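To start, the structure itself, in structure tokens.
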2 protein chains.
Amino acid sequence: MTVMETTSTDSCAAPPRPGRRPQGQDSYTISEVVAFTGLTAHTLRWYERIGLMPHIDRSHTGQRRYSNRDLDWLDLVGKLRLTGMPVADMVRYAELVRAGDHTFGERFDLLEATRRDVLARIAELQDTLAVLDRKIDFYSGAGRRFEQERYMDDTTEQAG
Amino acid sequence: MTVMETTSTDSCAAPPRPGRRPQGQDSYTISEVVAFTGLTAHTLRWYERIGLMPHIDRSHTGQRRYSNRDLDWLDLVGKLRLTGMPVADMVRYAELVRAGDHTFGERFDLLEATRRDVLARIAELQDTLAVLDRKIDFYSGAGRRFEQERYMDDTTEQAG
DNA sequence: CGCTTGCTTGGAGCGCACTCGAAGGCCATA
DNA sequence: TATGGCCTTCGAGTGCGCTCCAAGCAAGCG
């Protein structure tokens, strides 16, 4: 009945990730997750406190034991973080997932809005790139003569 | 002797911007600059305090009078801000410009490093875009059956 | 047993980039 | 003259995303 792969219960194909243990033995300490993600243990616990993570399994002594699914979720969070999405919005998404199937529509909307944001940010960056390229051209080319800058200094050309 | 256009003393061709007054009459109050840039007056004064702006011309009563060049610089700052460059780095660049021609090399290096950062960020965002697209496909397609998510909830497929 | 290591908790603190408030100056219009 | 509006400065406050601390527990080792 299930469509699951070895390490993924995702909604779509997920590439196998190195260092992961197979389903059933996927139980990682917080320090292992630190090594995987680059986040600090503090941050991981904080994510949990604010509701950005589900409640993580615990060992018999109360220590956190992360699953492959948790790591997948952290991957997604990491990606969304790079887009500049506020943590509060990610928490909102996490809440929708926890709330069950009836939030599919809302999740879809949120993802689409995020997608639009990402596209806009890419466009902004490409715009900036063009500006940088023009400046770099200037500095590498005529840079040593008739030098001037938008933000003027003591050089030349003040009067116009 | 100068290469200047009507509104620009930049190191490279700058498109004419709407609302700008021609060279010689380019004297804008802070509230006009607020309208241009979307920044607050507080932020503009703060930029000046921290050295991100040159010392702005003053009217006989001591009020700030911004020039086209200042607006150009603010445009650049706005672009760099979008790349996530820390304000301290922009201040550094501003200091280099103020310091004179002998900092050309350093400015060039800084711009190139920034350019690399921007390219890397674009790549990251495109990566994220791919993930979002996969998820959006899932939610718009098979979404209503066999639903599951990396960050599992109460739905299905738990056992594997 | 004591020591170390790694984990737990709640809560306080930090750095960044603003953001705002208080108190006052200048000046145009009524 | 006075009222309103926009300007000034300095310094304190805000929101975000961590980041760290102190105190304590549990396991492993000599």
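Please read these numbers as outputs of a predicted model, since none were measured by experiment. Residue numbers begin at 1 in each chain, while the letters A, B, ... track the order of the sequences.
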Protein-nucleotide distance ([X], atom [atom1]; [N], atom [atom2]), rounded to Å:
X	N	atom1	atom2	value
B:D89	C:dA17	CG	C1'	14 Å
B:I56	D:dT8	CD1	C1'	15 Å
A:E32	C:dT5	CD	P	19 Å
B:M90	C:dC16	CE	P	13 Å
A:R65	D:dA27	CZ	C1'	12 Å
A:L80	D:dC16	CG	C1'	17 Å
A:W46	C:dG13	CH2	C1'	14 Å
A:I50	D:dC18	CD1	P	8 Å

(request) Taking A:T40 for its side chain and A:T43 for its backbone only, find out whether a donor-acceptor pair lies under 3.5 Å. (result) yes
(request) Please test B:E124 against B:R121 for salt bridge (Lys or Arg N to Asp or Glu O under 4.0 Å), starting from the C-alpha separation and ending with a verdict. (result) CA-CA 5 Å; B:E124 282 171 356; B:R121 287 188 56 68; 3.8 Å; yes
(message) Between B:T114 and B:D117, is there a side-chain donor-acceptor contact under 3.5 Å, judged purely by atom types and distance?
(response) no
Return no unless some side-chain N or O of [X] is found under 4.0 Å from OP1 or OP2 of [N].
X	N	result
B:T40	C:dC18	no
A:T43	D:dG17	no
A:T61	D:dA27	no
B:Y47	C:dC18	yes
B:R64	D:dT8	yes

(request) For the residue pair A:F104 and B:Y139, categorise the inter-ring angle as parallel (less than 30°), tilted (30 to 60°) or perpendicular (more than 60°). (result) perpendicular
(message) Within the 4.0 Å heavy-atom criterion, would you say B:R49 contacts the bases, only the backbone, or no part of the nucleic acid?
(response) base
(message) Categorize A:R58 for me: base, sugar-phosphate, or nothing, with a 4.0 angstrom heavy-atom threshold over every strand shown.
(response) sugar-phosphate
(message) Check this for me, if you would: do A:R20 and A:D26 make a salt bridge, where the nitrogen-to-carboxylate-oxygen distance has to be below 4.0 angstrom?
(response) no
(request) Nearest-nucleotide wise, let me know which of B:R45 and B:P86 is further upstream toward the 5' end of DNA chain C. (result) B:P86
(request) Can you figure out which of C:dT8, C:dT19, D:dC7 approaches the side chain of B:Q63 most closely? (result) D:dC7
(message) Determine whether a donor-acceptor pair (one donor, one acceptor, N or O, separation below 3.5 Å) exists between the side chain of B:H42 and the base of C:dC18.
(response) no
(request) Let me know, please, whether B:A41 or A:R81 comes out on the 5' side of the other along DNA chain D by nearest nucleotide. (result) B:A41
